[in-house]
Undergrad: 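Dropping a structure here in structure tokens format, bear with me for questions.
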Amino acid sequence: MSTIKADAITASTGTNTNIGITGKGSGKVKLGDGNLLFPDADGSANQYIKTDGSANLAFATLPTGGSLVYLGEVTASASATVELESLISSTYNNYMIQVMTAHPASSNTTLKMRTSTNNGSSYRSTNDYQFHTTNLESTSASYVATASYNSSALLISAPIGNGAATSTMSGYFMLTNVYATQRLVIHGTVSGEGDGSQAYGVGHVGGTSSHAEAVNALQFYMDAGNIDTGTFRLYGIAES
């Protein structure tokens, strides 16, 4: 294999001449310190080049309106807080959060969420949210509502126990007006097992921020103790 070392390569003839680089046989063009492998053939109109995370580039079709685009996740491990940072941008205005089996380290505690406009350097925490939750009391087959105005955080679960492996909560939450100069709105459905008289099977969550601003980071925490376990995933919702 031959190696060419040069600071610049210039076409030798013509005034608007392309420079072609091709591999031998089935070999591909490999560029950069990351050894990125480029596709041999062109894609379809309006496609883009994506990576598989292993230096292989390929053409792909942009998501259509309403598609969920996985952006990343954080898994708690005796964590005081869980932050979804560096994942929210102007690419999407609406997002979906998937919380899976969040388990508190302390008994009879609730999961809450705060927002940031400076990529997580600080989070709003003083009279910045309004919310309303309704959860089914499995012990009495009745609904219990909780609401707050000018709260320090958005409440997104009923009290959760920690006495057994099933004492967890899971849920899906839609976030609208996230990266826009409007008030963020959250609504979703949660399920889990509480503690004592607060046991619940399913609940509904709704709330809003008091500020019309572009949010770019989210923080989750229990109102007492750590988040023992749990996975927090973020999806962007493609609009076109």
Side-chain angles (χ1 to χ4, degrees), residues 68 70-85 87-88 95-116 120 123-125 128-175 178 184-209 215 217-235:
L68 293 179
Y70 171 77
L71 301 176
E73 66 184 56
V74 177
T75 298
S77 178
S79 305
T81 60
V82 168
E83 286 83 20
L84 294 176
E85 299 171 349
L87 298 174
I88 298 175
Y95 292 80
M96 186 185 82
I97 300 171
Q98 181 185 20
V99 179
M100 296 182 294
T101 58
H103 187 283
S106 300
S107 180
N108 198 24
T109 183
T110 59
L111 184 65
K112 295 185 175 182
M113 186 187 84
R114 289 173 173 162
T115 63
S116 172
Y123 288 87
R124 288 199 174 277
S125 60
D128 292 313
Y129 311 94
Q130 296 87 47
F131 66 81
H132 184 277
T133 67
T134 304
N135 60 279
L136 175 63
E137 290 261 8
S138 60
T139 55
S140 60
S142 61
Y143 279 94
V144 175
T146 303
S148 179
Y149 181 76
N150 288 339
S151 175
S152 61
L154 285 165
L155 179 67
I156 60 174
S157 82
I160 313 164
N162 72 335
T166 56
S167 296
T168 62
M169 64 80 60
S170 298
Y172 292 89
F173 307 93
M174 307 303 294
L175 299 178
V178 177
L184 175 146
V185 176
I186 182 173
H187 56 95
T189 301
V190 297
S191 61
E193 183 175 331
D195 192 58
S197 62
Q198 296 293 332
Y200 72 104
V202 64
H204 304 282
V205 174
T208 182
S209 168
V215 170
L218 303 171
Q219 181 188 70
F220 300 87
Y221 69 99
M222 296 292 180
D223 63 357
N226 291 335
I227 304 175
D228 188 33
T229 58
T231 300
F232 297 74
R233 288 180 177 170
L234 185 68
Y235 299 83

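Residue numbers run from 1 in the order of the sequence given. Atoms considered below: every heavy atom in the structure, side chains included; atoms not considered: hydrogens, waters and symmetry mates.
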Undergrad: Locate the shortest heavy-atom distance separating M222 from I227; write the atom from each residue and the value.
TA: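 M222 and I227 have their closest heavy atoms at CG-CG1, 3.8 Å.
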Undergrad: With a 4.5 Å heavy-atom cut-off, do V190 and I156 have their side chains touching?
TA: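 The answer is no; the side chains never approach within 4.5 Å.
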Undergrad: Please give me the minimum heavy-atom distance between A76 and V82, naming the atom from each residue.
TA: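 Answer, listing the atom of A76 first, then V82: CB-CG2, 3.7 Å.
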Undergrad: Rounded to the nearest 0.5 Å, how far apart are CZ of R233 and CG of L68?
TA: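 Spacing of CZ (R233) from CG (L68) equals 12.0 Å.
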Undergrad: Do the non-hydrogen side-chain atoms of T231 and V99 ever get within less than 4.5 Å of each other?
TA: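 No. Closest side-chain heavy atoms not under 4.5 Å.
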Undergrad: Does the side chain of L155 come within less than 4.5 Å of V205's, by heavy atoms?
TA: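 Side chain of V205 against side chain of L155, heavy atoms only: no contact under 4.5 Å found.
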Undergrad: Looking only at heavy atoms, which two atoms of V215 and A217 are closest? And how far apart?
TA: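 In this case the closest contact between V215 and A217 is CG1-O, 3.5 Å.
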Undergrad: Going by heavy atoms in the side chains, are T146 and F131 under 4.5 Å from each other?
TA: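 Yes, at least one pair of side-chain atoms sits under 4.5 Å.
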Undergrad: Quick one: ring pair (Phe, Tyr, Trp, His ring centres under 6.0 Å) partners of Y235, sequence neighbours excluded?
TA: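 For Y235, the residues satisfying ring pair (Phe, Tyr, Trp, His ring centres under 6.0 Å) (neighbours in sequence not counted) are Y70.
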Undergrad: Heavy atoms, side chains only, cut-off 4.5 Å: are T133 and H204 in contact?
TA: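 The answer is no, as the side chains (C-beta and beyond) never meet within the 4.5 Å cut-off.
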Undergrad: Give, for atom CG of N226 and atom NE2 of H103, the distance between the pair rounded to the nearest 0.5 Å.
TA: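 These two atoms lie 12.5 Å from each other.
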Undergrad: If every non-hydrogen atom of S209 is compared with every non-hydrogen atom of Q130, which pair is closest and at what distance?
TA: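 Between these two residues, the closest heavy atoms are O-OE1, 4.3 Å.
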Undergrad: In Å and rounded to the nearest 0.5 Å, what is the CZ to OG distance from R124 to S152?
TA: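 The CZ atom of R124 sits 13.5 Å away from the OG atom of S152.
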Undergrad: Please name the pair of heavy atoms, one in Y221 and one in A80, separated by the smallest distance, quoted to 0.1 Å.
TA: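 Scanning both residues, the minimum pair turns out to be CB-O, 3.6 Å.
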Undergrad: So L71 and Y95, do their side chains get closer than 4.5 Å, heavy atoms only?
TA: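 Contact flag for Y95/L71 side chains = yes.
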Undergrad: Nearest 0.5 angstrom please: K112 NZ to F220 CZ, how far?
TA: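 So the NZ of K112 and the CZ of F220 are separated by 14.0 Å.
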Undergrad: Knowing that exactly one of P104, S106, S107 qualifies, which makes a side-chain contact (heavy atoms from CB on, under 4.5 Å) with I160?
TA: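 Testing I160 for a side-chain contact (heavy atoms from CB on, under 4.5 Å) against P104, S106, S107 leaves exactly one candidate, P104.
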Undergrad: Return the minimal non-hydrogen interatomic distance between L154 and Y129, and the atom names on each side.
TA: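 Closest pair (atom of L154, atom of Y129, distance): CG-CD2, 3.6 Å.
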Undergrad: In Å, rounded to the nearest 0.5 Å, how long is the span from OG of S157 to CE of M113?
TA: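 Separation between the atoms: 12.5 Å.
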Undergrad: Just wondering, do S116 and Q219 contact through their side chains at under 4.5 Å, heavy atoms?
TA: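 No, every pair of side-chain atoms sits at 4.5 Å or beyond.
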Undergrad: Donor-acceptor check, side chain of T115 to backbone of L218, threshold 3.5 angstrom: yes or no?
TA: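 Side chain of T115 to backbone of L218: no pair is present.
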Undergrad: Would you give the length of the straight line joining atom CZ of R114 to atom CD of E83, rounded to the nearest 0.5 angstrom?
TA: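 Going from CZ on R114 over to CD on E83, the span is 11.0 Å.
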